[in-house]
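Structure first, commentary second.
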Amino acid sequence: MAWTRDEMAARAAKELRDGFYVNLGIGIPTLVANYIPAGMHVTLQSENGMLGMGPFPFEGEEDADLINAGKQTITELPYSSYFSSADSFAMIRGGHIDLSVLGAMQVAANGDLANWMIPGKMVKGMGGAMDLVAGVKKVVVVMEHCAVDKKTGALEPKLLKACNLPLTGTRVVDLVVTDLGVFSIDKHGHGKPTLIELAPGVTLEEIKSKTEAEFDVAESLFAA
Amino acid sequence: MAWTRDEMAARAAKELRDGFYVNLGIGIPTLVANYIPAGMHVTLQSENGMLGMGPFPFEGEEDADLINAGKQTITELPYSSYFSSADSFAMIRGGHIDLSVLGAMQVAANGDLANWMIPGKMVKGMGGAMDLVAGVKKVVVVMEHCAVDKKTGALEPKLLKACNLPLTGTRVVDLVVTDLGVFSIDKHGHGKPTLIELAPGVTLEEIKSKTEAEFDVAESLFAA
Amino acid sequence: MSKKVYPDAVAALAGVLRDDMTIMAGGFGLCGIPENLIAAIKLSGVKGLTVISNNAGVDGFGLGQLLETKQVAKMVSSYVGENKLFAQQYLSGELELEFNPQGTLAERIRAGGAGIPAFFTKTGVGTLVAEGKELRQFDGETYVMESWLRADLAIVKAWKGDTEGNLIYRKTARNFNPMMAMAGKITVAEVEQLVNVGTIDPDHVHTPGIFVQRIIEGSHEKRIEQRTTRKRD
Amino acid sequence: MSKKVYPDAVAALAGVLRDDMTIMAGGFGLCGIPENLIAAIKLSGVKGLTVISNNAGVDGFGLGQLLETKQVAKMVSSYVGENKLFAQQYLSGELELEFNPQGTLAERIRAGGAGIPAFFTKTGVGTLVAEGKELRQFDGETYVMESWLRADLAIVKAWKGDTEGNLIYRKTARNFNPMMAMAGKITVAEVEQLVNVGTIDPDHVHTPGIFVQRIIEGSHEKRIEQRTTRKRD
């Protein structure tokens, strides 16, 4: 049985470590905040200029001056700090953020990432995604394993030999969490991705059939 | 009769305009602050990270955390602000300071300035001088017209055809105030400096004999 | 009254606006945008503007208002997803668009204010963003050269400002405002509270007054784009 | 107690110091220098240091102490005029020296923290500082390319800091400290007052805690270099 969105977020949350500074993208990545283990201290960065992002406000307590990068109203924490966009991206570009979790349209075997543009469609812009993948120490992608063609209903693999959409970054992804399993990426080398986990009930055959990229399978999976 | 240090400072102060942001160097330039006309609002910048520099503190009220670029204890004003060295020089380099007044060892006819290094002597460093002359909108040099050779007592002109000391900046000086007179510099062009004022009692012959650079004489001086 | 203080947005922009000029406008989404100054630009009817702003407002609010009146010829932004009119004008060729990664945009603006004509960044290497730009290796990694951005006019929004133009921002409404204040030939600030000098602690100033040539106090709608809340337990 | 808080300077530098490392030290003159951490480096006996600091202290105080013990192999500074021992060691060839214009030094350090390997500046063009460096024209003016500076360790001094490493500086004691905090692989901060989280207003934080790995509270002599005063009327 494939993982739900929440289960995918929970799996991504296993990459967190005590003391980490983390940037979470919009969508499933945002859910990762719900799975920070009790007792673990993780500080969330919002690239519009905040460290120490708190939960959504109680109704009636929204503050127009306090939003996250998804433009949602949020709250502050006792250890929060605010800064300008230049300082925020100095932090990101300078390699001070430990982990970024974000969504993707496509990931290639070498860690290339496409998540901002579909040619021919109206383009909304890359926002901070290119800066995040270029600057953050570790990049985790959380995405559905396949896209569904809206016309034909056909499944289109998203973990590819090479991306065919315009890139957000080259050789930037370290780990891919999908609803079917988890792949580690050899972004600095020439090795294939390695399937290191399977969602419960998902077979190797199923995931192979739904993946365009060639990949190795971790020994631990054979043992299981 | 040649101008005193205070008279030189007072002459430099005539370059101030209401609303100016100004950086004053160490020595005679510091005295310029004493000649800001009453009713004129001038904000002094200190490149170690302050706008709105106030006068020296009263005895017993010195604050070790509040110094100017000459490391002297100073005070703040109601409209002061503090910032980092990076922000301070962003301000300077970015062309936001209207006027800088500083001392010099040598100035050349084209506006080249040497004021930081005598080869063979112990070198103290350029501090912020190179940034100031490169970034500030208008640069006024205040200096003795000649140096005195300590061994021979001979007078050595400081306004030269070309500097022979290592430069602080090329084509950066707009105006030179000495104890003998005032020269405007055509730093963006190929014209000679123009003598625009003479200290009282100083003759054209005297200033010519003490100046290596060729210079024009403003018509207003003939009229006088 | 200080010479920097103007009675309202229209007065503060008098003599500054002209067709085809480049304007930087602070804010992220609708957070920290100079509402009054945008309204005054709309009122002025000035046309052919190049607007540098992280976003383009929403339909009918923020910079969206200047799209309605077709005053904008070109936007330099990182994300314009919340604006249907924008899409329409862009697809019909009425509006030019230059996308910058958000961090590159922020740094280009800072560079403009700081006198740095170009710098190198890893962001965008190997993507459309780097096409036609100089690439260079440093310590074995590839970087792309990006140039500064400056503007004829910067309009920014702060929480408090004093009569000398010292500004402090509130929470995430700071965003692009401090850099834009540095990068405008003329910078006009609007604040929620205009205070006397001596009110703001000099250690708390975010934008020193040197960067602000004109300042007004205004009232602000401060519309919320995505009102997200949680339930009380 | 937060994991960032250490009992004293010696403890905070344990496991961090090694011979021949590069250390950035905050401060301008004797203003805003990390007195306790400098003393702990002296105590450690670590040698062959490259020290990046605007100044070199004075004889017997500040970084001057590390010159006495000959622990410094190279200084990167903009001005070292107040230190006789420095002159002696430099002229005898014991000490290497790299002068940077103060603004270039500050910007190189910021670039190191901000992931910018190189940038262009007008400062120093046509002088010794630009020799051997790449020159380039932008908009008809000549600029020189300068590279980033980073350090194995940055030691900084703030006024207040909380247990998460959020720092605020006081008056002109801010100077080089914020950029150095960004540019150190490890940054250790010493503060006059260590406070609990929630004490510092998030809008007033100068250095966000992400840049500070270790923090101590210390007492500070805060020696004044040039005591200048005026008479009461």
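Labels below follow one simple rule: chain letters A, B, ... track the order of the sequence lines, proteins then strands, and each chain is numbered from 1. Atom set for the values below is all heavy atoms of this structure, side chains included, hydrogens, waters and symmetry mates excluded.
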**Q.** Derivation of the salt bridge (Lys or Arg N to Asp or Glu O under 4.0 Å) call for A:Asp65 and C:Arg174
**A.** CA-CA 9 Å; A:Asp65 289 338; C:Arg174 192 182 315 183; over 6 Å; no
Q.
Under a 4.5 Å cutoff for heavy-atom pairs, which residue among A:Ala90, A:Ala134, A:Gly127 has the most contacts with chain C?
A. A:Gly127
Q. What part of C:Asn55 gets closer than 4.5 Å to chain A, counting heavy atoms only: side chain, backbone, both or neither?
A. side chain
Q. In Å and rounded to the nearest 0.5 Å, what is the CZ to CD distance from C:Arg227 to A:Glu62?
A. 4.5 Å
(Q) I'd like to know whether NZ of C:Lys133 has more than 12 heavy-atom contacts from other residues, nucleotides or ligands below 6.0 angstrom. (A) yes
Q: Heavy atoms only: give me the nearest C:Phe28-A:Asn68 pair and the separation to one decimal.
A: CE2-O, 3.8 Å
(Q) Report which part of A:Pro57 has an atom under 4.5 Å of a heavy atom belonging to chain C: side chain, backbone, both, or neither. (A) both
**Q.** Portion of C:Glu98 that has a non-hydrogen atom of chain A nearer than 4.5 angstrom
**A.** neither
Q) Under 3.5 Å, is there a donor-acceptor pair between the side chain of C:Thr228 and the main chain of A:Phe56? A) no
Q) Between C:Arg232 and A:Glu61, does at least one N-O distance fall below 4.0 Å, as a salt bridge requires? A) yes
Q | chain C interface, residue from A:Ile67, A:Val172, A:Thr170 that has the most non-hydrogen pairs under 4.5 Å | A | A:Ile67
Q.
With chain A as the partner, which of C:Asn100, C:Leu91, C:Asn177 has the greatest number of non-hydrogen pairs under 4.5 Å?
A. C:Asn100
Q: Determine the option with the most heavy-atom pairs under 4.5 angstrom with chain C, choosing from A:Thr168, A:Val123, A:Leu132.
A: A:Val123
Q. Any idea which heavy atoms bring A:Asp63 and C:Ile224 closest together, and the distance?
A. C-CD1, 4.4 Å
Q: Kindly indicate whether the side chain of C:Glu107, heavy atoms from C-beta on, has any atom under 4.5 Å from the side chain of A:Phe89.
A: no
Q. At what distance, to the nearest 0.5 angstrom, does CE of A:Met126 lie from OG of C:Ser78?
A. 7.5 Å
Q.
Closer than 3.5 angstrom, by distance alone: can the side chain of A:Ser84 be matched with the main-chain N or O of C:Asn175 as a donor-acceptor pair?
A. no
Q: State whether A:Asp131 and C:Lys122 are salt-bridged, where the test is any N-O pair (Lys NZ or Arg NE/NH1/NH2 against Asp/Glu carboxylate O) under 4.0 Å.
A: no
(Q) Check for me whether C:Arg230 meets the cation-pi criterion with A:Phe58, that is, NZ or CZ under 6.0 Å from the six-membered ring centre and within 45 degrees of the ring axis. (A) yes
Q | Non-hydrogen atoms of C:Lys222 and A:Ala64 that approach each other most closely | A | O-CB, 3.3 Å
Q. About how many Å separate CE of A:Met130 and OG1 of C:Thr121, when rounded to the nearest 0.5 Å?
A. 11.5 Å
Q. Is C:Lys70 atom NZ crowded by more than 12 heavy atoms from other residues, nucleotides or ligands, each under 6.0 Å away?
A. no
Q. Has C:Glu68 got more than 12 heavy atoms of other residues, nucleotides or ligands less than 6.0 Å from its CD?
A. yes
Q. Given a strict heavy-atom distance threshold of 4.5 Å, which part of A:Leu66 is in contact with chain C: side chain, backbone, both, or neither?
A. both
Q. Roughly how far, to the nearest 0.5 Å, is OG1 of C:Thr172 from NZ of A:Lys71?
A. 11.5 Å
Q | Partner chain C: residue of A:Ala69, A:Gly135, A:Ser46 with the largest heavy-atom pair count (under 4.5 Å) | A | A:Ala69
Q) Looking only at heavy atoms, which two atoms of A:Gly128 and C:Gln102 are closest? And how far apart? A) N-NE2, 3.4 Å
Q) So which part of C:Tyr90 gets closer than 4.5 Å to some heavy atom of chain A, the side chain, the backbone, both or neither? A) side chain
Q: Using a 4.5 Å cut-off on heavy atoms from C-beta on, say whether the side chain of C:Phe99 contacts that of A:Trp116.
A: yes
Q: Name the region of A:Glu47, side chain, backbone, both or neither, that has any atom closer than 4.5 Å to a heavy atom of chain C.
A: both
Q) What option among C:Arg110, C:Arg170, C:Lys231 has the most heavy-atom pairs under 4.5 Å with chain A? A) C:Arg170
Q.
Just verifying a value: how many Å separate C:Phe119 CZ and A:Arg93 CZ, rounded to the nearest 0.5 Å?
A. 6.0 Å
Q) For atom NZ of A:Lys192, is the number of surrounding heavy atoms from other residues, nucleotides or ligands below 6.0 Å larger than 12? A) yes
